[in-house]
Amino acid sequence: MRVLLVHPSPLLYSELYLRLEPLGLERVAAAVRAAGHEVRLLDLQVFPQDEYLRELADWQPRAVGFSLNYLANVPEVIDLAKATRRRRPDTFVFVGGHSASFIAEELLAHGAGAIDCVVRGEGEVIAPRVLEAIGDRGLERLPGVVTERGAGPSPTLLDDLDLHPPARDLSRRRHRYFLGVLDPCASAELTRGCPWDCSFCSAWTFYGRSYRKSSPEAAAEDLARIREPNVFLVDDVAFIHAEDGFAIGKELERRKIRKRYYLETRCDVLLKNQDVFAYWRQLGLFYMFLGVEALDAEALKLHRKRVSTDANMEALEVARRLGLAVAINIIADPGWDEARFAAVRDWALTVPEIVHLTVATPYPGTETWLTEPRELTSHDYRLFDVQHAVLPTRLPLRQFYQQLLQTQAVLNRKHLGWGALRRYGVPLVRALARGQTNYLRMLWKFSSIYNVERQYADHAKPVTYSLRPRRLVTGKPTAAQLFVHQPASARKATAAAP
Ligand code: B12
Ligand code: SF4
């Protein structure tokens, strides 16, 4: 059957720093294609919405699957599902992805009949089975599937990450994907999941704290297939086990695969496994994101980062010694006052790293969603993008945004505009020589995108779809409340149950 897979439009982030290929959807596409279906992929980050309606009318897919990794995209996906139902009532509409997995029932309710099912968890195993079950009353008995009639058992993990390498051939306009000066940039996955349990993050709750890896051969084969010279390694925490990083690296060396890489890791992992990062530096590692999150011990404890401020600072030193470009994130709490912002600003000016700020946000799927006692000030999905405050701010809201943006502006001064030309002149010239202008075009866009009035005005927009109010839990949340994929211990207990 004809299956159209759709990724929604870009949000605030992607307007400036990066735009990345929809890797999860490409993996689902590979699995669906392997099951014998004709598949097309449409990424609305690089195509206008009209293109979707045109493709729906001209190609007439039997099924449309939307990827919903980000809450801020919920209204768009619901509206597209409704438009699909109006235009082609018999088209089967399903929705999957990270955020969709945590809010399946409320998506169906907003869809008011326009969404046939929500697929929770990883899509590779289940998507072909969903398509097979179209029109079948047993649809909702499939693992991870939720319909208006009921829900199946918890989703099954893909046991072999080597299966279904991303169908990159299906993504069009690939030259539009970039990550800062890495322009153009592809994405790849070497490992999946995270064994830590930070309270603000939903990576561990989605994957049930599991951690899986590709074989060195499959990882190298996937990287060999990539035509772009730059690659974003999307692993939640890169090189947790040094030996795996070395094994993949050796395979890349053997096959003479040379790219420039960006990856994300934890400070304690960098400290423990310095040698593997140094080795990857030789293989082309160029740019790294370190999850610092806070500059004081109290906040680190609150985020359950399980790392000390000293270790964080030491890791920055190590990254500098390795000669890597480093970006770090600090979580700004809505309770911050001017002095607190000023302290971060002062610090950001003294370090060479790209210091980025996000706003503490209780997301469905995170532990803080269940435990953060402060009342939400908004239930507008579009504001849940960690760039808006959805908890009460100590400063008046407009002033909070002024402080936030003034602090973000340090990044602008150091790493965008003329500062970037000084720093990244050589890679920039290389990108231009290839006809790539994504990065160049965003260098002077900072103030039109990060704009106090724009952020503030977003709060006054009429809201069509609202997040369901949360129910706080007292004490420690249970596995059932937290996880999409149940952790191994819970799975074993269920299997053993009479
Ligand atoms: C790359 C990435 C991005 C890219 C976006 C790339 C893109 N075009 O999708 C960028 C950098 C822009 C980004 C931004 C943000 N991200 Co992000 N991002 C990731 C990251 C690192 C990798 C995503 C990925 O490719 N994963 C690998 C693929 C294979 O998995 P997947 O996409 O989840 O797809 C699987 C399933 O979800 C499912 N699936 C997906 N689509 C579909 C569709 C159908 C029909 C079906 C059936 C199944 C299905 O099947 C796939 C295969 O198993 C993840 C962490 C992670 N490891 O997943 C965080 C992550 C998804 N991001 C997260 C967050 C918080 C954000 C930000 C809000 C802030 C931030 N600081 O990162 C912003 C918000 C952006 C926004 N739009 O509002 C959170 C989750 C957010 C949430 N709960 O909603 C994650 C989990 C990181 C984390 N540790 O908390 N992100
Ligand atoms: S923030 Fe990083 S280390 Fe913490 S749980 Fe999420 S992915 Fe793991």
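Because the structure is predicted, anything quoted here is derived from the model rather than measured.
When side chains are defined from C-beta on, Leu131 counts as touching Phe94, because their heavy atoms get closer than 4.5 Å. Side-chain contact check for Pro155 versus Ile126: every heavy-atom pair is 4.5 Å or farther apart. The shortest side-chain heavy-atom distance between Leu404 and Phe341 falls under the 4.5 Å cut-off. Using a 4.5 Å heavy-atom threshold, the side chains of Lys305 and Phe200 count as touching. The shortest distance between side-chain heavy atoms of Arg129 and Pro143 falls below 4.5 Å. The shortest distance between side-chain heavy atoms of Ile103 and Leu71 falls below 4.5 Å.
Under a 4.0 Å N-O distance rule, the pair Arg394/Asp333 does not qualify as a salt bridge. Looking at Arg340 and Asp337, no side-chain N of the basic residue comes within less than 4.0 Å of a carboxylate O on the acidic one, giving no salt bridge. Ion pair Asp458/Arg382 not flagged as a salt bridge, since none of the NZ, NE, NH1 or NH2 atoms sits closer than 4.0 Å to an Asp/Glu carboxylate oxygen. With salt bridges taken as basic N to acidic carboxylate O contacts below 4.0 Å, none links Glu228 and Arg168.
Here the shortest heavy-atom pairing between Ala332 and Leu357 reads CB-CD2, 3.9 Å. Between Trp204 and Leu482, the shortest heavy-atom distance links the atoms CH2-CD1, 4.1 Å. The two atoms that bring Ala29 and Ala167 nearest to each other are CB-CB, 4.3 Å, heavy atoms only. Here the closest heavy-atom approach between residue Thr368 and residue Pro362 is recorded as OG1-CA, 3.6 Å. Ala389 approaches Val359 most closely through the heavy-atom pair CA-CG1, 3.9 Å. Summarising the geometry of Trp336 relative to Ile331, their closest heavy-atom pair is CZ2-O, 3.5 Å, with the distance given to 0.1 Å.
Applying the ring pair (Phe, Tyr, Trp, His ring centres under 6.0 Å) test to His164 and every residue at least two apart in sequence or in another chain returns nothing. For Ser9, the side-chain contact (heavy atoms from CB on, under 4.5 Å) criterion is met by Leu44, Gln49, Glu76, not counting sequence neighbours. Under the side-chain hydrogen bond (donor to acceptor under 3.5 Å, both in side chains) criterion, Arg173 pairs with no residue, sequence neighbours left out.
When atom types are taken as modelled, the side chain of Ser171 and the backbone of Arg174 share no donor-acceptor pair closer than 3.5 angstrom. Judged purely by atom type and a 3.5 angstrom limit, Glu264 has no side-chain atom pairing as donor or acceptor with the backbone of Phe289. A donor-acceptor pair is defined here as one N or O able to donate and one able to accept, closer than 3.5 Å; such a pair exists between the side chain of Asn69 and the backbone of His98. Judged purely by atom type and a 3.5 angstrom limit, Asp268 has no side-chain atom pairing as donor or acceptor with the backbone of Val307. In this structure, the side chain of Ser67 does not engage the main chain of Gly97 through any donor-acceptor pair within 3.5 Å. Under a 3.5 Å cut-off, the side chain of Asp380 and the backbone N or O of Val463 do not form any donor-acceptor pair. With hydrogens and angles disregarded, a donor-acceptor distance shorter than 3.5 Å links the side chain of Thr377 to the backbone of Val390. Put simply, the side chain of Asp222 never gets that close to the backbone of Pro165: no donor and acceptor are under 3.5 Å apart. For the pair Ser210 (side chain) and Gly208 (backbone), a donor-acceptor distance under 3.5 Å is absent. In terms of modelled atom types and a separation under 3.5 Å, the side chain of Arg209 and the main chain of Pro195 share a donor-acceptor contact.
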Quiz item: Under the salt bridge (charged side-chain N to carboxylate O under 4.0 Å, His left out) criterion, do Glu124 and Arg192 qualify, and how do the steps go?
Solution: CA-CA 13 Å; Glu124 293 98 330; Arg192 190 179 281 184; 2.8 Å; yes

Self-check item: Stepwise side chain to side chain donor-acceptor pair (under 3.5 Å) test for Gln45 and Asp43
Solution: CA-CA 5 Å; Gln45 296 179 102; Asp43 182 0; 2.9 Å; yes

Exercise. Start with the C-alpha gap between Phe384 and Leu376, add the side-chain angles, then the distance that decides, and say whether side-chain contact (heavy atoms from CB on, under 4.5 Å) holds.
Key: CA-CA 11 Å; Phe384 283 73; Leu376 293 173; 4.3 Å; yes

Exercise. Show your reasoning for whether ring-ring contact (aromatic ring centres under 6.0 Å, His included) applies to His241 and Tyr211.
Key: CA-CA 11 Å; His241 302 297; Tyr211 178 72; 5.6 Å; yes

Practice problem: Check step by step if side chain to side chain donor-acceptor pair (under 3.5 Å) holds for Thr84 and Tyr52. | Solution: CA-CA 10 Å; Thr84 310; Tyr52 170 66; 2.7 Å; yes

Practice problem: Let me see the working for Asn230 and Tyr287 under side chain to side chain donor-acceptor pair (under 3.5 Å), right down to the final yes or no. | Solution: CA-CA 11 Å; Asn230 307 305; Tyr287 191 175; over 6 Å; no

Exercise. List the steps, then state whether salt bridge (charged side-chain N to carboxylate O under 4.0 Å, His left out) holds for Glu367 with Arg304.
Key: CA-CA 10 Å; Glu367 196 172 304; Arg304 209 189 292 119; 2.5 Å; yes

Practice problem: Begin from the C-alpha positions of Arg212 and Asp159 and carry the test salt bridge (charged side-chain N to carboxylate O under 4.0 Å, His left out) through to its verdict. | Solution: CA-CA 8 Å; Arg212 284 153 296 159; Asp159 53 17; over 6 Å; no

Practice problem: Given side chain to side chain donor-acceptor pair (under 3.5 Å), test His459 with Ser378 step by step and report yes or no. | Solution: CA-CA 8 Å; His459 288 258; Ser378 170; 5.5 Å; no

What side-chain donor-acceptor pairs closer than 3.5 Å can you find for residues 105-121, not counting sequence neighbours?
| residue | atom | partner | partner atom | Å |
| --- | --- | --- | --- | --- |
| Glu106 | OE2 | Tyr381 | OH | 2.4 |
| Glu106 | OE2 | Arg468 | N | 3.2 |
| His110 | NE2 | Tyr381 | OH | 2.8 |
| His110 | NE2 | Ser466 | O | 3.2 |
| Asp116 | OD1 | Arg85 | NH2 | 3.1 |
| Asp116 | OD2 | Arg85 | NH2 | 2.9 |
| Asp116 | OD2 | Val93 | N | 2.8 |
| Arg120 | NE | Ser101 | O | 2.7 |
| Arg120 | NH2 | Ser101 | O | 3.3 |

All N/O donor-acceptor pairs, side-chain side in residues 57-65, below 3.5 Å, sequence neighbours left out:
| residue | atom | partner | partner atom | Å |
| --- | --- | --- | --- | --- |
| Asp58 | OD2 | Arg54 | NH1 | 3.2 |
| Gln60 | NE2 | Ala57 | O | 3.4 |
| Arg62 | NH1 | Asp90 | O | 2.8 |

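Counting only residues at least two apart or on different chains, no ring pair (Phe, Tyr, Trp, His ring centres under 6.0 Å) pair has a member in residues 357-380.
Counting heavy atoms of neighbouring residues, nucleotides and ligands inside a 6.0 Å radius, atom CD of Glu298 does not exceed 12 of them. Within a 6.0 Å radius of CD in Gln481, more than 12 heavy atoms belonging to other residues, nucleotides or ligands are found. Around CZ of Arg141, the count of heavy atoms belonging to other residues, nucleotides or ligands within 6.0 Å does not exceed 12.
Shown are Arg87, Arg172, Arg88; of these, the salt bridge (charged side-chain N to carboxylate O under 4.0 Å, His left out) with Glu55 is made only by Arg172.
The distance from atom CG of Asp197 to atom OG1 of Thr205, rounded to the nearest 0.5 Å, is 10.5 Å.
Taking the centre and axis of the six-membered ring of Trp196, the NZ or CZ atom of Arg266 falls inside the cone set by 45° and 6.0 Å.
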